[in-house]
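Contents: one structure, followed by commentary.
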Protein chains: 2
Amino acid sequence: MPLKRGYNDCIKTIIPVRDFLDVMSGKWKFPIIVSIGVGNDRFVDIQESIPGITPKVLAKELKELEKHQLIKRTVLSEYPVKIIYTHEPYADTLTPIIYAMKDWGINHRKKVIGT
Amino acid sequence: MPLKRGYNDCIKTIIPVRDFLDVMSGKWKFPIIVSIGVGNDRFVDIQESIPGITPKVLAKELKELEKHQLIKRTVLSEYPVKIIYTHEPYADTLTPIIYAMKDWGINHRKKVIGT
DNA sequence: TATAGTGCTTTCCAAAAGGAAAGTGATTTA
DNA sequence: TAAATCACTTTCCTTTTGGAAAGCACTATA
């Protein structure tokens with residue numbers, strides 16, 4: 001028997017989209033990437049720049065982003081000890097997506113208010 | 001006292017990004033939009049084109065996408081009754097994001113396998 | 001010795017998301 | 001009257017995510 005083909009075959013798009021979502025889905029990862037991207041590099045600065053995030057969630061998300069080589073954690077042995085978070089070059093590959101999301105969000109808010 | 005400014009002020013990006021995420025976050029919405037986009041318009045066709053999705057989840061996500069005016073549900077009074085799901089024009093505004101995610105996912109898979 | 005600053009971690013709990021399996025209701029043809 | 005088709009819905013359960021509040025470890029200064 002033949003397999004279903006044609007219209008049904010969107011798997012070539014769905015698989016990479018899900019690969020992307022496996023790494024970047026959730027409420028917090030993009031805001032964190034954006035915050036670090038504009039120069040917030042300290043834990044508390046990142047936390048204060050993202051409304052509503054708690055330290056528990058921030059710590060967890062930072063670990064995941066580090067695991068995926070999107071950010072780097074560096075310990076500076078000053079007093080008091082500083083830890084800074086910076087983008088890895090790989091984080092720059094997300095820039096087009098961030099701009100696309102931002103544009104969509106701006107337009108969506110206009111649409112919703114305009115309704 | 002002055003408020004924190006400058007580097008800390010990424011809120012202008014974070015707010016629209018979160019507006020976007022409020023509508024489109026989760027594991028299933030993009031795969032569903034893609035599937036309908038390539039021509040799957042029946043419930044079961046959409047379900048079979050997305051590996052792992054259950055009817056309960058699909059029904060819930062379709063309702064949300066309809067609520068946000070991204071898809072349209074049409075009842076055809078044939079026998080047996082057919083229901084078709086199609087894109088609203090607004091769904092096309094997601095196309096740039098879908099392509100950006102797809103490209104990122106393809107590249108990411110190469111990177112991970114290459115490691 | 002006490003206190004302050006930094007970067008978290010821990011506990012406890014609630015809410016949301018996700019999954020498996022079976023069932024429902026409307027309709028029409030046999 | 002029974003079976004078939006389609007599009008879901010329901011139930012029950014597990015997993016994941018999120019949130020509030022408090023605590024902890026390290027170091028240096030007073």
Side-chain angles (χ1 to χ4, degrees), chain A residues 4 7-8 14 17-33 35-36 39-68 71-86, chain B residues 1 4 7-8 14-15 17-33 35-36 39-68 71-86:
Chain A
K4 277 199 181 182
Y7 279 170
N8 227 31
I14 288 180
V17 166
R18 290 192 49 172
D19 286 346
F20 163 81
L21 292 171
D22 286 344
V23 176
M24 290 304 297
S25 72
K27 195 173 166 181
W28 302 111
K29 295 199 189 70
F30 273 102
I32 292 167
I33 290 285
S35 179
I36 295 174
N40 294 309
D41 56 5
R42 311 281 298 279
F43 191 90
V44 172
D45 290 341
I46 298 166
Q47 194 189 325
E48 290 177 354
S49 71
I50 301 173
I53 201 168
T54 60
K56 185 183 99 175
V57 170
L58 179 55
K60 182 185 139 249
E61 300 284 38
L62 287 170
K63 276 174 197 153
E64 283 183 41
L65 292 170
E66 200 191 348
K67 191 184 79 187
H68 288 294
I71 62 170
K72 188 168 59 168
R73 183 181 188 273
T74 309
V75 182
L76 303 181
S77 313
E78 308 167 355
Y79 170 72
V81 174
K82 269 188 191 172
I83 311 246
I84 61 168
Y85 294 93
T86 50
Chain B
M1 293 296 288
K4 278 198 179 182
Y7 279 169
N8 228 30
I14 287 179
I15 286 182
V17 166
R18 290 191 51 174
D19 286 345
F20 164 81
L21 293 172
D22 286 344
V23 176
M24 291 303 298
S25 71
K27 196 173 169 182
W28 302 111
K29 293 196 190 71
F30 273 103
I32 292 167
I33 290 284
S35 178
I36 295 175
N40 294 309
D41 56 5
R42 311 281 299 278
F43 191 91
V44 172
D45 290 342
I46 298 166
Q47 194 189 324
E48 289 175 355
S49 71
I50 302 174
I53 200 167
T54 60
K56 185 182 97 174
V57 170
L58 179 55
K60 182 185 139 248
E61 300 284 38
L62 287 170
K63 276 174 198 153
E64 284 184 41
L65 291 170
E66 200 191 348
K67 191 184 77 185
H68 288 294
I71 62 171
K72 187 167 58 169
R73 183 181 189 273
T74 308
V75 182
L76 303 181
S77 312
E78 307 167 356
Y79 169 72
V81 175
K82 269 189 189 172
I83 311 246
I84 61 167
Y85 295 93
T86 49

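Lettering of chains follows the sequences in order, A, B, ..., and the numbering in each one begins at 1.
With C/dG7, C/dA20, C/dG18 as the choices, the nucleotide that has an atom nearest any side-chain atom of A/F43 turns out to be C/dG7. Between C/dC8, D/dC8, C/dA20, one nucleotide has an atom nearer to the side chain of B/R73 than all others, and that is D/dC8.
When rounded to the nearest whole Å, the span between CD1 of B/I53 and C1' of C/dA21 equals 17 Å. C/dA17 atom C1' lies 10 Å from atom NZ of B/K29, rounded to whole Å. Note: CD (B/E48) to P (D/dC8) measures 14 Å, nearest angstrom. Following rounding to the nearest Å, B/I83 (CD1) and C/dG25 (P) show an atom-to-atom distance of 16 Å. In this structure, the NZ atom of A/K27 is 14 Å from the C1' atom of C/dA17, given to the nearest Å. Distance CD (A/E61) to P (D/dG19): 11 Å, rounded to an integer number of Å. Taking atom CD of A/Q47 as the reference point, atom P of D/dA21 lies 14 Å away to the nearest angstrom. Atoms CZ (B/R18) and C1' (D/dG18) sit 12 Å apart, rounded to a whole Å.
The side chain of A/Y85 contributes no N or O atom lying less than 4.0 Å from OP1 or OP2 of C/dT6. Between A/R42 and C/dG5 there is no side-chain N or O to OP1 or OP2 distance below 4.0 Å. Residue A/W28 places at least one side-chain N or O under 4.0 Å from the OP1 or OP2 atom of D/dG18. Proximity of B/K63 to the phosphate of D/dT9: a side-chain N or O atom is located under 4.0 Å from OP1 or OP2.
Base contact: A/P55 has a heavy atom under 4.0 Å from a base atom. Nucleic acid contact class of B/K56 (heavy atoms, under 4.0 Å, all strands): base.
In this structure, B/F43 and B/I83 have side chains that are not in contact, with every pair of non-hydrogen atoms separated by 4.5 Å or more.
When the nearest nucleotides of DNA chain D are assigned to B/V81 and A/K60 by heavy-atom distance, the more 5′-ward of the two goes with B/V81.
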